[in-house]
Amino acid sequence: MPQKEKRLAVAGKIEPEVNRYYARIAKRYTAAGIAALFLFLVYLGGVIVFASDSITTENLSYLVRDFGTAADESARDFGRIVYNGSSDTTFAWFRGGLSVCGPDSYRYFDKNGLSVISDPLNWSDPVLVPGEKYMLLFDLGGTGWAVYNQLTGIVSRESDERIIAADIASDGSLVMVTRSRDTRYVVSLYNAAFNQTMLNYKDSYVLAAAISGDGEQFLVASAVPSSTDFDCEIEVCRRGEETPLTTDILSHAMPLMARATESGFVVLCDSAVHYYDTYGVRQKTVSLAGMTLKYADILSGRVAMVGQVNALGSEHRILVLDSDGSTLCDEVLRQRIAGVTMGRNPSDAVCYLRTNDSVIRMRADGSFESYAPDSGEIIGVVPLSSGALLCQKAAAWQIFADD
């Protein structure tokens with residue numbers, strides 16, 4: 001007879017073994033997760049309530065664009081960039097693209113030559129001041145100023161008086177120098193929301209200003225009349241404090257340019273280059289004796305200068321200093337120079353020299369390479385990590401990009 005199938009009945013459930021220690025750990029992580037979710041919801045509610053005006057589709061698109069934009073254009077090739085310019089047009093590299101500014105318009109192009117921004121202006125002498133996140137524009141001797149990112153304009157305003165100098169920090173803080181009606185100069189400080197937070201009145205002739213990357217310290221360089229000449233007064237101030245941190249008087253010197261560096265400030269005078277720390281203590285001075293300064297440029301604390309060494313102007317000394325004041329290059333070139341631009345990448349070029357019909361790339365070892373366009377006036381050179389952009393009145397393109 002066939003055997004009947006036997007089935008075993010299992011009474012109740014088989015409970016798995018539990019490690020009480022890990023069970024307690026799991027409960028704590030669950031509680032922490034719930035608490036974090038609660039805090040996030042509270043934060044999100046606060047942002048929606050107190051910052052609802054800033055939550056717009058445009059701002060969200062800026063955020064997404066910033067996430068996808070590299071601040072360095074290394075290993076990129078630039079296409080030909082076409083625009084309508086003039087001899088008064090200025091150029092600057094900004095967040096992987098080219099800013100082109102003339103008296104009647106401001107335009108920004110990406111590396112492929114696509115026009116991203118095109119805004120009209122009515123200024124007499126526009127100046128571009130590129131920062132890490134924002135581009136500052138102001139009308140030198142006029143009253144207009146504006147701040148842009150790589151997508152659109154952020155603010156556009158008119159100052160009460162004529163603008164003499166301005167600088168922008170990484171977070172958007174501004175220092176601006178204007179000439180007041182009673183012949184005094186006014187140094188204004190703006191926070192990252194572009195609201196004026198500080199005013200400092202100066203009786204001396206303010207010629208240059210710079211603000212640190214974090215926006216906490218700013219430098220003001222002024223020309224102060226002395227008995228027979230002018231002295232240079234350097235003041236380093238801190239946000240929110242009326243009294244300067246330090247004041248340094250340089251005898252028989254005229255300030256020309258000032259820039260912030262990672263470790264402080266650099267000030268270019270007609271007779272020397274001076275290096276200061278963030279508190280305004282002078283660290284080093286490099287004399288410019290023996291050369292009549294004609295052109296200069298400062299980038300990332302490095303200074304490139306061209307000085308005339310003979311009466312005919314046929315020989316020029318090219319002196320390039322590192323951010324600590326050490327000499328990167330010191331050469332004499334028997335050629336007429338029309339301008340100098342500091343190189344962005346010292347391993348590619350310490351500086352670019354502009355003549356009437358060519359651009360010369362100068363390396364740290366003192367070697368030279370020249371590029372001459374087929375025709376047209378060269379009105380600007382914009383350094384890149386590899387090579388530079390040669391800018392004419394109607395177009396710009398990349399040169400020396402073979403490295």
Side-chain angles (χ1 to χ4, degrees), residues 90-93 127-132 165-168 207-213 217-221 223 232 234 236 248 250 253-278 280-309 316-333 337-354 359-366 368 380-385 388:
T90 58
F91 308 88
W93 178 89
V127 177
L128 294 174
V129 184
E132 291 186 10
D167 193 20
I168 189 167
L207 299 179
I211 188 169
S212 61
Q217 283 91 15
F218 61 96
L219 179 145
V220 178
C232 176
I234 304 295
V236 173
D248 189 21
L250 307 172
M254 183 67 68
L256 302 176
M257 301 172 68
R259 295 288 187 274
T261 67
E262 293 183 355
S263 58
F265 301 93
V266 57
V267 179
L268 172 64
C269 295
D270 58 345
S271 57
V273 182
H274 307 277
Y275 294 82
Y276 294 86
D277 64 13
T278 54
V281 179
R282 197 186 336 161
Q283 303 294 306
K284 188 172 183 177
T285 295
V286 179
S287 174
L288 301 181
M291 62 185 291
T292 302
L293 190 62
K294 292 188 63 177
Y295 307 103
D297 187 35
I298 302 176
L299 179 63
S300 301
R302 301 188 304 275
V303 187
M305 294 162 287
V306 174
Q308 187 173 315
V309 295
H316 288 86
R317 178 187 177 191
I318 296 93
L319 176 62
V320 183
L321 304 177
D322 206 349
S323 56
D324 60 355
S326 60
T327 301
L328 291 176
C329 190
D330 190 354
E331 298 288 339
V332 174
L333 186 64
I337 306 299
V340 63
T341 303
M342 186 71 225
R344 183 172 298 278
N345 181 4
S347 63
D348 176 71
V350 291
C351 68
Y352 293 91
L353 304 170
R354 181 163 52 91
V359 176
I360 301 173
R361 175 167 66 174
M362 184 173 182
R363 296 181 181 272
D365 59 4
F368 299 90
V381 177
V382 179
L384 306 173
S385 288

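By convention here, the first residue in the shown sequence is residue 1. These values consider heavy atoms only, across backbone and side chains, with no hydrogens, waters or symmetry-generated copies. Given the structure is predicted, the values throughout are model-derived calculations rather than measurements.
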**Q** Is Asp297 reaching over with its side chain to a backbone N or O of Ala304, donor-acceptor style, under 3.5 angstrom?
**A**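 Judged by distance alone, no pair lies under 3.5 Å.
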**Q** For the residue pair Gln308 and Ile337, establish whether any side-chain heavy-atom pair is separated by less than 4.5 Å.
**A**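 Side-chain contact under 4.5 Å: no.
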**Q** Say whether, by atom type as modelled, one donor and one acceptor occur between the side chain of Asn345 and the main chain of Ser385 under 3.5 angstrom.
**A**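 Checking the backbone N and O of Ser385 against the side chain of Asn345, a donor-acceptor pair under 3.5 Å is found.
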**Q** Could you pull out all residues at least two apart from Asp330 that satisfy salt bridge (Lys or Arg N to Asp or Glu O under 4.0 Å)?
**A** Arg317
**Q** Could you tell me if the side chain of Ile234 sits less than 4.5 Å from the side chain of Phe265, heavy atoms only?
**A** no
**Q** Taking Asp270 for its side chain and Met254 for its backbone only, find out whether a donor-acceptor pair lies under 3.5 Å.
**A** yes
**Q** Side chains of Met305 and Leu293: closer than 4.5 Å at any heavy-atom pair?
**A** yes
**Q** When you look at Leu319 and Val273, which way does the side chain to side chain contact (heavy atoms under 4.5 Å, CB included) test go after all the steps?
**A** CA-CA 11 Å; Leu319 176 62; Val273 182; over 6 Å; no
**Q** Kindly write out the residues that satisfy ring pair (Phe, Tyr, Trp, His ring centres under 6.0 Å) with Tyr275, not counting sequence neighbours, or none if the list is empty.
**A**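 Per chain and number, Tyr275 pairs via ring pair (Phe, Tyr, Trp, His ring centres under 6.0 Å) with no residue.
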**Q** Out of Cys269, Pro255, Cys232, which one pairs with Leu207 under the side chain to side chain contact (heavy atoms under 4.5 Å, CB included) rule?
**A**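 Among Cys269, Pro255, Cys232, the one meeting side chain to side chain contact (heavy atoms under 4.5 Å, CB included) with Leu207 is Pro255.
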**Q** For the pair Val129 and Asp167, evaluate side chain to side chain contact (heavy atoms under 4.5 Å, CB included) and give the outcome as yes or no after the intermediate values.
**A** CA-CA 7 Å; Val129 184; Asp167 193 20; 3.5 Å; yes
**Q** Taking Asp324 for the side chain and Ser326 for the main chain, is one N or O donor matched with an acceptor at less than 3.5 Å?
**A** yes
**Q** Could you check whether any side-chain heavy atom of His274 comes within less than 4.5 Å of a side-chain heavy atom of Asp248, counting everything from C-beta outward?
**A** no
**Q** Within the distance-only criterion (no hydrogens, no angle test), does the side chain of Arg302 pair as donor or acceptor with the backbone N or O of Gly343 below 3.5 angstrom?
**A** yes
**Q** With Leu321 as reference, evaluate Leu268, Thr327, Val350, Val266 under the side chain to side chain contact (heavy atoms under 4.5 Å, CB included) test and give the passing residue.
**A** Thr327
**Q** Using modelled atom types only, decide if a donor and an acceptor are shared between the side chain of Asp277 and the backbone of Gly280 within a distance under 3.5 Å.
**A** yes
**Q** Apply side chain to side chain contact (heavy atoms under 4.5 Å, CB included) to the pair Val320 and Glu331, showing each step before the final yes or no.
**A** CA-CA 9 Å; Val320 183; Glu331 298 288 339; over 6 Å; no
**Q** Would you sort out whether Cys329 and Met362 count as a side chain to side chain contact (heavy atoms under 4.5 Å, CB included), showing the intermediate values?
**A** CA-CA 9 Å; Cys329 190; Met362 184 173 182; 2.8 Å; yes
